[in-house]
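Note that these values count all heavy atoms, side chains included, but never hydrogens, waters or copies made by symmetry. Note that the coordinates shown come from a computational prediction; the quantities given were computed from them, not determined experimentally.
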Amino acid sequence: MDLGLSRVDYLQVGVTSQKTMKLLPASGRKATQKVVIGDHDGVVTCFGMKKGEPVPVFKTLPGEKIARLELGGALNTPQEKIFVAAGSEVRGFTKKGKQFLAFNTNLTENIKAMHISGSDLFLGASYVYNHYCDCKDQHYYLSGDKINDVLCLPVEKLSCITPVLACQDRVVRVLQGSDLLYEMEVPGPPTVLTLNNGNGGDSGEEVLFGTSDGKIGLVEISGVSPVEKWKIENEKKRGGILCMDSFDILGDGVKELIIGRDDGMLEIYNFEYAKSPILRYEYALSESVTSVQGGCVGKEGYDEIITSTYSGWVSGLTTEPTHRECGSGDGLKMTHEMQNKVLSLRNELEQLQIKVLHEREKYQQSSQSSTAVSAVPTFSINDKFTLNRDDASYSLILEVQAAIDTVLLQCDVPIDLKDVDKNSAVVSVVDCESEPNGNFLLATYRCQVNTTRLELKILSIEGRYGTLQAYVTPRVQPKTCQVRQYQIKPLSLHQRTHCIDRDRKGEGYFKSDNISTISILKDVLSKEATKRKINLNISCDINEVSVNHTLKLIHPKLEYQLMLAKKVELLDALKELQAHEGNTDFLIPEYRSILEEAEELLKEHKKQPTSLERLYGMITDLFIDKFKFKGTNVKTKVPLLLEILGSYDQKALIAFFDSAA
């Protein structure tokens, strides 16, 4: 696919939430489209393009933070009415900015998700779903976990109302009225839903979903049970999905799938000779892509992909060529236009710099007055703390509307920090004693200039639970800081399952291949029950075979890490031999391959400096927990276990576990 797109920045509004930007339908066949966007200041901005410059159509007064923006109208007519959700209220505007609706839902929670279909309004708060028709309450549903997005299958195709909820517990729930029709487990927490091709496909039942861990899928929501069409894994370990759209950017009659991620990646997939989409184009923005839609905004005849980002930038990736041939009159005209635009921007920048300098001097003078009142600047933080199943680590993502100066991490339980390739911040770790202040980690990240997004990797230890705190300081004056807290759970590397026997009352039954998991659960439940003065009966049924099974599961990972460490240890000696002999012909193939892969080996070892220690810790805990259930303390034999691990042999390790008593 040959696709050359050029970036154009249109304007910047306030901080934006997910799915708060839309393109209004074109007023004529060749007319350009207008852009409407809502921000955290509560302002709805609508603008169009005239002579290459954004021209405002309307702009509302500030108000409560806008969480969602959708277009609506009568069924089978152009969807050009604008609806915004702010707090517990839904407001409606015409395409010229006249407000015609102010509907207070009286919900106790703020609206998080919204969908419009004719006179039907579908809302999702944190845990509550509501359906209204002509602003009258119709149906209600209480979800088992947070609702991230809500959708309704096209009524004009199916002649029935079928709401679909994307929930944080990795489930897509399909409703019928106020009842759950069925639910479908998806590979990650779904964050966004959209109709395939914008209309649900030929059947109207096809729904695309994107997850917080970057996976994409297509399901068919039939009346009886869901059918999975295809699924794309996040092999490149990119950010979570925030927005999706279907648009024919190639102009070949087949709509491409456009994806916006929270790490700033914009991707275009097409269905060229394949049932599932294939990645054909990608573009990296510097911050989260909160909304994306295909259309024509900048110049008629040239399609583009319009994006909005977390800090409020509205940009386009256009098919219009940025440079024309200089041999024509058009080329000369384009050059003059560009020169005039650059000159105008420079003048505007100089005026802003003078204004900032003047206001700073004014602030300094007023601050010296005895009657002056200090005002702390406010700033928004977009954060996410999620478990990565593949490498058993947590991702902490901090995104700030202003450039980040420093981030201080503090934790009251042992955790390790892991390198992230895209992270350019300088980290300083302070040696600290856990007693008496309870600090196991103190680390400072000093960011480069203009860094607005920081991604960190954190390795936790199961059974050690507490709180991680991040102190975020942006590059603003006067200096200010915000604190965010994240809970490290006792079973921090586990995730829920959906196969639950709902007939049992007043009891929980836990199963695991790993005895250590059961041991952690037993200790935590006993501790919490004692704290709350609850009478709790715990019984354990331990299968001895599970210990060897767990050791066999750990074996491939341990063997790989030992081999990696051994190869890295040999590198210096092999390089010295190579320098002395002048070539590697005298080496056996195994040693030659180590030298050839030196760069990759060092890079992999640097990424996982504590992986071997973590595996040793898991095996040690397994050894102690096995005999703890028998009432035997074997901590004195741990040094002998570590000796066996030092010269690792799987059979010898299993024999030691079997013989120790």
Side-chain angles (χ1 to χ4, degrees), residues 19 67-68 70 72 75 83 85 88 90 103-196 199-201 203-211 217-229 496-506:
K19 296 175 76 172
R68 279 289 198 272
E70 292 288 337
L75 294 177
F83 296 87
S88 60
V90 176
F103 173 46
N104 193 335
T105 62
N106 293 318
L107 292 172
T108 56
E109 300 174 332
N110 289 339
I111 299 168
K112 305 291 185 184
M114 178 173 69
H115 182 77
I116 307 286
S117 176
S119 57
D120 291 295
L121 171 65
F122 305 88
L123 299 178
S126 292
Y127 294 88
V128 178
Y129 154 83
N130 278 86
H131 170 209
Y132 303 89
C133 184
D134 291 325
C135 296
K136 293 180 181 178
D137 198 359
Q138 298 292 310
H139 298 290
Y140 164 90
Y141 179 77
L142 180 63
S143 173
D145 209 333
K146 289 185 179 179
I147 299 171
N148 294 326
D149 205 1
V150 62
L151 187 71
C152 180
L153 299 184
V155 179
E156 57 271 31
K157 284 190 175 184
L158 301 177
S159 67
C160 65
I161 294 176
T162 308
V164 185
L165 308 182
C167 301
Q168 185 64 25
D169 54 355
R170 306 199 323 276
V171 165
V172 171
R173 291 181 166 89
V174 181
L175 305 182
Q176 190 175 60
S178 297
D179 300 321
L180 177 67
L181 184 61
Y182 58 77
E183 58 185 32
M184 175 186 183
E185 185 177 354
V186 291
T191 49
V192 58
L193 298 173
T194 189
L195 295 172
N196 188 30
N199 58 7
S203 65
E205 298 177 328
E206 294 180 353
V207 174
L208 290 158
F209 67 85
T211 68
L218 176 68
V219 293
E220 185 176 343
I221 307 294
S222 67
V224 181
S225 62
V227 179
E228 185 181 277
K229 292 288 190 176
R496 75 181 71 197
T497 181
H498 298 281
C499 301
I500 300 172
D501 184 0
R502 300 185 184 277
D503 295 331
R504 290 199 300 268
K505 309 291 183 191

OG-OH distance between S143 and Y129, expressed to the nearest 0.5 angstrom: 12.0 Å
Contact check, side chains of L218 and L208, non-hydrogen atoms, under 4.5 Å: yes
K146 atom NZ, neighbour heavy-atom count above 12 within 6.0 Å: no
Heavy-atom donor-acceptor pair, E109 side chain to S126 backbone, under 3.5 Å: yes
Parallel, tilted or perpendicular, as decided by the 30° and 60° cut-offs, for the rings of F122 and H115: tilted
Validation row: S88, N106 side chains within 4.5 angstrom (heavy atoms): no
Atom pair OG1 (T105) and CE (M114), whose distance is rounded to the nearest 0.5 Å: 11.0 Å
CA sep, side-chain torsions, deciding dist, call: D149, V164, side-chain contact (heavy atoms from CB on, under 4.5 Å): CA-CA 8 Å; D149 205 1; V164 185; over 6 Å; no
Any side-chain heavy-atom pair of I161 and D120 under 4.5 Å: yes
S178 side chain vs Y140 backbone, donor-acceptor pair below 3.5 Å: yes
L165 side chain reached by L175 side chain, heavy atoms, under 4.5 Å: yes
Side chain N130, main chain L123, donor-acceptor under 3.5 Å: no
pair V90-R68: side-chain heavy atoms closer than 4.5 Å: no
